[in-house]
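Worksheet: the structure to be examined is printed underneath.
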Amino acid sequence: MTVDREAIREHERDEPTERVSTATVVAYVVAGVILVGWFLFGWLVLRQGFVDSVGESAGAGFALLLIVSVIGTLRRSRR
């Protein structure tokens, strides 16, 4: 077991870590605020029910994650 851990640690040191840009962090925060706003709008303004509002905002969040994943995959395949 010790040999495996040492090999993994050496391998991890060789790979440079990519820093997350400020624009990416800001975009994630904005998306989170929009999703929370969408939840509150559906729950409090449209009065569609708590569970329905959670489901709708969670579905929108998963759709955004899927879009981000596809874009990230396309960008990495070009490198």
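Since the structure is predicted, the reported quantities are computational estimates derived from the model, not experimental observations.
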Hey, can you pull the donor-acceptor pairs under 3.5 Å for the side chains in residues 63-75, sequence neighbours left out?
| from | atom 1 | to | atom 2 | distance (Å) |
| --- | --- | --- | --- | --- |
| Thr73 | OG1 | Ser69 | O | 2.9 |

Checklist line | Results of side-chain contact (heavy atoms from CB on, under 4.5 Å) for Val51 - residues two or more places apart only | finding: none

Next item on the list: Under the side-chain contact (heavy atoms from CB on, under 4.5 Å) rule, collect the residues that match up with Ser77, sequence neighbours excluded.
Entry: none

Checklist line | Residue pairs fulfilling side chain to side chain donor-acceptor pair (under 3.5 Å) with at least one residue in residues 27-41, sequence neighbours excluded | finding: Trp38-Glu56

Margin query: Using every non-hydrogen atom in the two residues, find where Ala60 and Leu35 come nearest and quote the distance to one decimal.
Written below: CB-CD2, 3.7 Å

Item checked: Partners passing side-chain contact (heavy atoms from CB on, under 4.5 Å) against Arg76 (at least two apart in sequence or in another chain) -> none

Next item on the list: Check Ser53 against Gly42 and note the closest heavy-atom contact, atom names and distance.
Entry: OG-C, 3.3 Å

Checklist line | Residue pairs involving residues 47-71 (criterion ring-ring contact (aromatic ring centres under 6.0 Å, His included); sequence neighbours excluded) | finding: Phe39-Phe50, Trp43-Phe50

Notebook entry, point to check: How far apart are the closest heavy atoms of Arg47 and Leu44, and which atoms are they?
Noted result: CG-O, 3.8 Å

